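Shown next, in structure tokens, is the structure this report addresses.
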Number of protein chains: 4
Amino acid sequence: MRTTKTGKPVGRTRSAEKHEAILTAALELLAAQGYVRMTLDQVATAADVSKSTIHLRWKTKADLLTAALATMRMADVPPPSGDIRTDLLSILKDFAANMERVNGIALIGTCLAEEAHTPELITLLRERTIGPRRALLRQVLEESRGRGEIREDADLETAVSALHGSYFSDYMAGRGGRPEWAEQVVDFTLAALRTSD
Amino acid sequence: MRTTKTGKPVGRTRSAEKHEAILTAALELLAAQGYVRMTLDQVATAADVSKSTIHLRWKTKADLLTAALATMRMADVPPPSGDIRTDLLSILKDFAANMERVNGIALIGTCLAEEAHTPELITLLRERTIGPRRALLRQVLEESRGRGEIREDADLETAVSALHGSYFSDYMAGRGGRPEWAEQVVDFTLAALRTSD
Amino acid sequence: MRTTKTGKPVGRTRSAEKHEAILTAALELLAAQGYVRMTLDQVATAADVSKSTIHLRWKTKADLLTAALATMRMADVPPPSGDIRTDLLSILKDFAANMERVNGIALIGTCLAEEAHTPELITLLRERTIGPRRALLRQVLEESRGRGEIREDADLETAVSALHGSYFSDYMAGRGGRPEWAEQVVDFTLAALRTSD
Amino acid sequence: MRTTKTGKPVGRTRSAEKHEAILTAALELLAAQGYVRMTLDQVATAADVSKSTIHLRWKTKADLLTAALATMRMADVPPPSGDIRTDLLSILKDFAANMERVNGIALIGTCLAEEAHTPELITLLRERTIGPRRALLRQVLEESRGRGEIREDADLETAVSALHGSYFSDYMAGRGGRPEWAEQVVDFTLAALRTSD
DNA sequence: CATGAATGAGTCTTCATTCAT
DNA sequence: AATGAATGAAGACTCATTCAT
């Protein structure tokens, strides 16, 4: 963008509200409709913007949706308490809440389904949400191991996969949304990890 | 195949072949392209059939895909050996092989993404593949518990979710396809379940 | 196209009327609007056909217009009389009549303007109309030379260009459509060619 | 360039540069793309100006292109030598050179194709380039006739059309760009015009 | 004056579905 | 039963033009 000598941008400035409204609408519609079914018309209407305004900022539909996904970020998790059970629970409950808030299952479904055509989607999801979430879990486990609460030779990565993955297996099996889920999987995991004394 | 009273197959032999060819093509394309991207033209071409022939048997695209998904069945798993570790491994490895063979992740992604528009898809998947697979796992665990190898109060359903779900978490995290996966998650699970003595 | 054993085409047969109506409409609109301005909607409406029907037969707009141009053919010119002046006149008058009937100037203009983007157009025009027309003229000249009415060393190709080209120069100069044109250019040409004795 | 009474250039020097840059870019793009295909964005980019700056000076696309065409002028032809053959050749060669330099065929094609929608274009072309070029030719012929080298009753206008028009016929026939063209058509024309003695 | 944002109208093309043979 | 033609309803993207800064 060109600027004047004083650094002020020349011409009319791009509306930040519109920008955000578009991305928000796009993300919601992506979750609700899936990549292909979602139309730019819908986004334009939802964001109260003309279709051309969207194209002005993102050249293609794929670009828009990539940008929309890139805005996704994990919500903040309370700081670790030092108690492994408490901390794992708090991460998983936040995870579940997040998934429900943004219709995460559908979003993930779309990204998986689109992998062959638009691989950026699942990559972004991985970087922005899946990776960080798993990292949080792993960190709690490592610290606990540092405190000697967990067996030295425990396979923490597998523990993370169990904690995180059981959510999806449950959803697919039709037992998603159970409030006990977090407690159950945490206790199960701890049983596998704890130093046997 | 239907037969007449005399045992001779009814006239529409040719039709039955087409029937199957269509369903097979539809399933493959569903996994490869996703629900919306897959077109009836593609199915028709792949099945070497006219588009009208498809519509003759299934009124709509959704009907066809529902039928296609309904044909999915778990491949046969070797009979239980009685050793819990062996049996769980054999089930999980068969599961992973299956997923790769039919591009299962993409298929599941599509069904999840489409849940709002075509809920039959995920339902079918659940009934035909997810449910049975989980049932197999559960059965092995229960029998082992019957033999006293597993704690009486063990949460078997959560164990199943961990075994099954870790596959998805791994995939999403970009660590799918690892051959060690099955061993690792089985050993992790057994550590949680075994009677501590 | 697949056919039955008896050679009869299978399924509904493609309407020859529609086919022709589309091509006719396309050619007319091409002349009236030019390549880019002409829309498939206009063609569909003019031919009383759905847009999809057009796409069923021609994959793209360029394909359609190429096909439309390819249908162009010179109208029939009366058989040569043996008198050079009569024959040249008859060819040129037919040429002028044709040009007016199909709005040839606009058509040629479009093909020239599109040369960079759709070179097939001018090529087709050349093969179907310009080339044959010039060939007719040349043939009359050659036969006349054979009869000794024209100088042996006369540059017939240049004569053809003068006869044919003066039409365009006149049009561009704003003196198109003059009924005397043909006589004048023929007499001029003959003056250049005749054996001086 | 305009100047104040004191001879100092008027303030909008910068503006005048832009003005010219726009017109130049427009003319080039008109020849390269044709009326409809050429976009104001392309012009703006080529002229290093914003689209709005264009609209500030010309209300519509048609206005701009009309103005652009109006800037066209024949390049200067060397002063007549008094020898008819030499002078005709020099005019025609300059003509051909011009046509190639500005992609004149495409430009003319566009103007002809657009005649129905934007008749100003061909009118301008006629006034600025075709007319003057033909006038040059005619003048040489008339002077030659004045010197008695050409028959009194010769049809000079037709001669001009032959000289000028053969260029287009040749181009359309696929024999454009031949260096001999000018000589051939001049000699042909002179053969028709010369006083037979 | 000059710029960039914003937009509405329009265009080609695709596709599930219905018709005619 | 099976085929291919025909279609209406969309959808992504483009562009001349108008606004706001």
Side-chain angles (χ1 to χ4, degrees), chain A residues 1-4 8-15 18-19 36-44 49-64, chain B residues 11-12 14-15 18-19 36-44 49-64, chain C residues 1-4 8-15 18-19 36-44 48-62 64, chain D residues 11-12 14-15 18-19 36-44 49-64:
Chain A
M1 193 199 307
R2 241 185 297 187
T3 55
T4 63
K8 205 181 112 208
V10 135
R12 182 170 174 180
T13 50
R14 216 170 262 196
S15 157
K18 286 184 201 288
H19 199 89
V36 193
R37 234 187 257 276
M38 183 211 79
T39 75
L40 293 187
D41 250 314
Q42 293 170 338
V43 177
V49 164
S50 80
K51 246 187 304 180
S52 309
T53 296
I54 300 178
H55 273 105
L56 180 61
R57 289 149 200 252
W58 298 278
K59 230 177 153 48
T60 67
K61 182 180 179 180
D63 282 351
L64 167 62
Chain B
R12 293 190 309 156
R14 169 132 169 269
S15 168
K18 286 186 204 280
H19 200 91
V36 194
R37 241 188 249 276
M38 183 212 79
T39 75
L40 293 188
D41 259 310
Q42 292 170 338
V43 177
V49 163
S50 77
K51 247 196 302 185
S52 303
T53 297
I54 299 177
H55 274 285
L56 217 52
R57 289 148 204 256
W58 300 277
K59 213 167 166 45
T60 69
K61 184 180 180 179
D63 283 351
L64 167 63
Chain C
M1 191 199 309
R2 239 184 297 185
T3 55
T4 62
K8 204 180 114 208
V10 137
R12 182 169 173 182
T13 48
R14 216 169 261 197
S15 157
K18 287 185 202 285
H19 198 90
V36 194
R37 236 189 254 276
M38 183 211 82
T39 75
L40 293 186
D41 250 314
Q42 292 170 338
V43 177
D48 196 26
V49 165
S50 81
K51 249 190 299 182
S52 309
T53 296
I54 300 179
H55 273 103
L56 180 62
R57 290 150 199 252
W58 299 277
K59 230 175 156 47
T60 67
K61 183 179 179 181
L64 167 63
Chain D
R12 294 189 310 155
R14 170 132 170 270
S15 168
K18 285 184 202 283
H19 199 91
V36 194
R37 241 188 249 275
M38 183 211 78
T39 75
L40 293 189
D41 259 311
Q42 292 170 336
V43 177
V49 163
S50 78
K51 246 195 301 183
S52 302
T53 297
I54 299 178
H55 275 285
L56 217 52
R57 290 147 204 257
W58 299 276
K59 214 169 163 45
T60 68
K61 183 180 181 180
D63 283 351
L64 167 63

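Bear in mind that the values here come from a model prediction, so they are computed numbers and not experimental data. Numbers restart at 1 for each chain; the letters A, B, ... are given by sequence-line order, proteins then strands. Only heavy atoms go into these numbers, but all of them, side chains included; no hydrogens, no water, no symmetry mates.
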Can you tell me how far apart [atom1] ([X]) and [atom2] ([Y]) are? Round to the nearest 0.5 Å.
X	Y	atom1	atom2	answer
B:H55	B:L40	NE2	CG	5.0 Å
B:L64	B:W58	CG	CH2	6.0 Å
D:D63	D:I54	CG	CD1	12.5 Å

Walking DNA chain E from its 5' end, the first of A:S15 and C:A62 to be reached, judged by nearest nucleotide, is A:S15
Of A:T53 and C:M38, the one whose nearest nucleotide on DNA chain E sits closer to the 5' end is A:T53
Whole-Å distance between [N] [atom2] and [X] [atom1]?
X	N	atom1	atom2	value
D:K61	F:dT14	NZ	C1'	11 Å
A:D63	F:dA12	CG	C1'	13 Å
C:I54	E:dT14	CD1	C1'	15 Å
D:H19	E:dC1	NE2	P	13 Å

Which one, [options], comes nearest to the side chain of [X]?
X	options	answer
D:T60	F:dT3, F:dT17, E:dT17	F:dT17
C:S50	F:dT17, E:dA2, F:dA6	F:dA6
B:K18	E:dA6, E:dA2, F:dA2	F:dA2
C:K51	E:dT13, F:dA5, F:dC19	E:dT13
C:R12	F:dA16, F:dA6, F:dC19	F:dA6
B:L40	E:dA16, E:dT14, F:dA16	E:dA16
B:H55	E:dT18, F:dC13, E:dT3	E:dT18

Can you see if the side chain of [X] gets near the phosphate of [N] - specifically, an N or O under 4.0 Å from OP1 or OP2?
X	N	answer
C:R14	F:dA5	yes
B:R57	F:dA2	yes
D:T39	F:dC15	no

A:Q42 or C:D48, whichever maps to the more 5' nucleotide of DNA chain F:
C:D48
Nearest heavy atom decides the nucleotide; on that basis, is C:L56 or D:D41 closer to the 5' end of DNA chain F?
C:L56
Counting neighbours of CG on C:D48 that are heavy atoms of other residues, nucleotides or ligands and sit closer than 6.0 Å, is the number greater than 12?
no
My understanding is that only one of D:D41, D:L56, D:V43 makes a side chain to side chain contact (heavy atoms under 4.5 Å, CB included) with D:K51; could you say which?
D:D41
For the student: nearest non-hydrogen atoms of B:T53 and B:K18, plus distance
CG2-CD, 4.3 Å
Quick check: closest heavy atoms across A:K61 and A:V36, and the distance to 0.1 Å?
NZ-O, 3.3 Å
What contact category does B:R37 fall into here, base, sugar-phosphate, or nothing, at under 4.0 angstrom with non-hydrogen atoms?
nothing
No-hydrogen, no-angle side-chain donor-acceptor test under 3.5 Å, A:R57 and A:H19
yes
Taking only Watson-Crick and G-U wobble pairs with both distances under 3.5 Å, what dot-bracket line describes DNA chain F, where [ ] shows pairs that cross earlier ones and | shows pairs with another strand?
.||||||||||||||||||||
